[in-house]
Protein chains: 2
Amino acid sequence: MEAPQNTKRTKASEPTLKRLPRYLHYLQKAQDKGILTISAPVIGKELQCDPTQVVKDLATTGVKGRPRIGYNIHELIQTIESFLGYNRANEAFLVGAGNLGMAMMSYPDFQRFGLKIVAAFDTNRDKIGRSRSGINILHMNKFQDLARRLQVRIAVLTVPHTVAQEVTDLLVASGIEAIWNLTPSQLQVPEHVIVQNTSMYANVTLLLKKLQEKDESESVQ
Amino acid sequence: MEAPQNTKRTKASEPTLKRLPRYLHYLQKAQDKGILTISAPVIGKELQCDPTQVVKDLATTGVKGRPRIGYNIHELIQTIESFLGYNRANEAFLVGAGNLGMAMMSYPDFQRFGLKIVAAFDTNRDKIGRSRSGINILHMNKFQDLARRLQVRIAVLTVPHTVAQEVTDLLVASGIEAIWNLTPSQLQVPEHVIVQNTSMYANVTLLLKKLQEKDESESVQ
DNA sequence: TAGATTGTTAATCGATTAACAATC
DNA sequence: TAGATTGTTAATCGATTAACAATC
């Protein structure tokens, strides 16, 4: 009957979702300085992006601003955090306690972004029983049982790419619903499982190609 | 006068550049199995993407296929590798030998993707003088001199985000032209400097948001 | 009131997808 | 020849950018 309070069902596009954390980071710094109100043009100037895009991005979170004045910075931060789900604590298991896995365990502040790594798994006997940043490393053969009992839905995958698919099959069989794939492998998963790929190789390719294109355009001129 | 051999100046879009390494990875596996010829529909089926998009992506590299038959797999691999610049060895300095930095030094095969990390830098006395995966860790105060003398143009940035900007200023002052930014910071750089951002926080946000949206759509039904 | 900023609607831009002709 | 696949051109889709009305 009534207008729902915070139930804007505008689903954000991927580019928007990537920009929102950047805004948030800047807004938190601004709030620390004691600023109470902020406008889209100011955000855009600081972050070097289009002010009308900032307005659009903010609108998808459902926050309301006031013409001429801007947004209440506290309300804005709250709304973005809530929209992005940062105030929940999604529990996750990390699989593969190698170099990258260890780095991810020590990575600061994931919890502030809604992700809590509650345990790590490996098959290397030397690593099992140790811990890193308060996260215990357990044997992989405990994964399935623990995932089910603790109802963990998210896995961070940092195993060697040679075993990425077989490990993935186990994750899926254990009821994992979302996989953050930090291996270069293209994972095969059932339709209901979400995969977020972060490929170092794709990123390095992009960087080098941009540099190459810059060189070419300069040599042409 | 003559038609240039390999000088298709089609500059690829970012999505295309992200897909090409995936194709390449699959093609190399297929070649190892002894396959000599491959068609876009086969690649699309295996990688679960649209075959016409595969055709378009491959066309941007300048490779020629034959109707009904497909592409010569050897020629295809060569062309993609050449197009992406994998046969060059772009030398890079890594800055920040912390957890993530160490992981990147140990990351396998960057060289196969055209990136060669030739030295690492840090300010922590305990780390300086040590090495990892054959890469020596030097004091940051040697960066500028070495970057200039070796004409290194690329930096991999894995420092704590609190010092990301000040380190970036030094990189730029040392003549670095391209920065692979693995910190969550939004770097301020002059226009001629290329930045490739790989933000763990943006990626984790995307994953959790996708999961959240899936939950919402299911609870609605 | 005047002017700046939000918020919405329209126009542009670019990438994906579809259609179809060329060709092996 | 018949049929599958490339390669190109057109249509669709979605995101960005621009335009403008509403409003503080």
Side-chain angles (χ1 to χ4, degrees), chain A residues 3 6 8-20 22-23 27 30 35-73 75-77 79-80 83 202 206 209-210 213, chain B residues 3 6 8-20 22-23 26-27 30 35-77 79-80 83 202 206 209-210 213:
Chain A
N6 209 0
K8 275 266 178 186
R9 271 294 123 75
T10 27
K11 52 183 63 120
S13 70
E14 246 189 65
T16 298
L17 287 174
K18 281 185 186 168
R19 286 188 296 264
L20 284 172
R22 292 223 314 255
Y23 301 158
L27 292 169
I35 296 169
L36 296 176
T37 298
I38 199 156
S39 73
V42 170
I43 298 173
K45 206 159 292 171
E46 186 66 26
L47 269 56
Q48 300 180 71
C49 54
D50 189 61
T52 80
Q53 184 162 71
V54 176
V55 171
K56 269 227 156 171
D57 287 340
L58 297 184
T60 62
T61 69
V63 75
K64 294 289 169 200
R66 297 197 302 178
R68 176 76 223 253
I69 288 149
Y71 306 85
N72 175 295
I73 202 164
E75 186 189 336
L76 187 50
I77 289 171
T79 308
I80 296 176
F83 181 77
L206 274 177
K209 191 67 189 171
K210 282 181 198 165
E213 277 175 1
Chain B
N6 208 2
K8 275 265 178 186
R9 271 294 124 77
T10 27
K11 53 183 63 119
S13 69
E14 244 189 68
T16 296
L17 287 173
K18 282 185 185 168
R19 285 189 296 265
L20 284 172
R22 293 224 315 257
Y23 301 157
Y26 166 69
L27 292 169
I35 295 168
L36 296 176
T37 298
I38 198 155
S39 74
V42 170
I43 297 173
K45 206 159 290 170
E46 187 65 27
L47 269 55
Q48 299 180 70
C49 54
D50 189 63
T52 79
Q53 184 162 70
V54 176
V55 171
K56 268 226 155 169
D57 287 341
L58 298 184
T60 63
T61 69
V63 75
K64 294 288 169 201
R66 298 198 302 178
R68 177 75 221 255
I69 288 149
Y71 306 84
N72 175 295
I73 203 164
H74 176 73
E75 186 189 338
L76 187 49
I77 289 172
T79 308
I80 297 177
F83 181 77
L206 274 178
K209 191 67 188 170
K210 282 182 197 164
E213 277 175 1

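On a predicted model such as this, the values are computed, not experimentally measured, just so you know. Reminder, nothing fancy here: chain letters follow the sequence lines and each chain counts from 1.
- Nearest-nucleotide positions on DNA chain D place Ile69(B) closer to the 5' end than the other of Ile69(B) and Lys56(B).
- For Arg66(A) and Ser13(A), each mapped to the nucleotide of DNA chain D holding its nearest heavy atom, the one lying further toward the 5' end belongs to Ser13(A).
- Proximity of Pro15(B) to Arg19(B): side-chain heavy atoms (C-beta onward) are separated by under 4.5 Å at one or more points.
- As a whole-Å value, the separation of Tyr71(A) OH from dC24(D) P is 14 Å.
- Tyr26(B) places a side-chain heavy atom less than 4.5 Å from the side chain of Val42(B).
- At least one side-chain heavy atom of Asp57(B) sits less than 4.5 Å from a side-chain heavy atom of Gln53(B).
- Residues Val55(A) and Tyr71(A) are in side-chain contact: their nearest non-hydrogen atoms beyond the backbone lie under 4.5 Å apart.
- Between the Lys209(B) side chain and the Lys11(A) main chain, no donor and acceptor come within less than 3.5 Å of each other.
- Side-chain proximity of Thr52(B) to dG7(D), dA15(D), dT17(C): nearest is dT17(C).
- Minimum interatomic distance between Lys64(B) and Glu75(B) (heavy atoms only, all atoms of both residues): O-OE2, 4.3 Å.
- Taking atom CG of Leu58(B) as the reference point, atom P of dT8(D) lies 13 Å away to the nearest angstrom.
- The nucleotide whose nearest atom lies closest to any side-chain atom of Pro67(A) is, among dA22(D), dA15(D), dT6(D), dA22(D).
- Atom CZ in Arg68(A) sits roughly 7 Å away from atom P in dT5(C) (whole-Å rounding).
- As rounded to whole Å, 16 Å separates atom P of dC13(C) from atom CD of Gln53(A).
- For Glu14(B) and dG14(C), the CD to C1' distance is 13 Å, given to the nearest whole Å.
- For Lys11(B) and dA15(C), the NZ to P distance is 12 Å, given to the nearest whole Å.
- For DNA chain C, the neighbouring residues in residues 38-46 of chain A, judged by any heavy atom under 4.0 Å, are Ser39(A), Ala40(A), Pro41(A).
- Expressed to the nearest 0.5 Å, how far CD1 of Ile43(A) lies from CD1 of Ile38(A) amounts to 5.0 Å.
- Lys64(B) has its NZ atom 15 Å from the C1' atom of dT5(D), to the nearest Å.
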- Structure string for DNA chain D in dot-bracket form, Watson-Crick and G-U at under 3.5 Å, | interchain: ..||||||||||||||||||||||
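- Summarising the geometry, the separation between CG on Asp50(A) and P on dG7(C) is reported as 16 Å, rounded to the nearest angstrom.
- Distances shorter than 4.0 Å separate some side-chain N or O of Arg19(B) from OP1 or OP2 on dT16(C).
- Side chains of Leu58(B) and Thr79(B) form no contact here, defined as non-hydrogen atoms less than 4.5 Å apart.
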- Taking it one step at a time, do Ile80(B) and Val63(B) satisfy side chain to side chain contact (heavy atoms under 4.5 Å, CB included)? CA-CA 8 Å; Ile80(B) 297 177; Val63(B) 75; over 6 Å; no
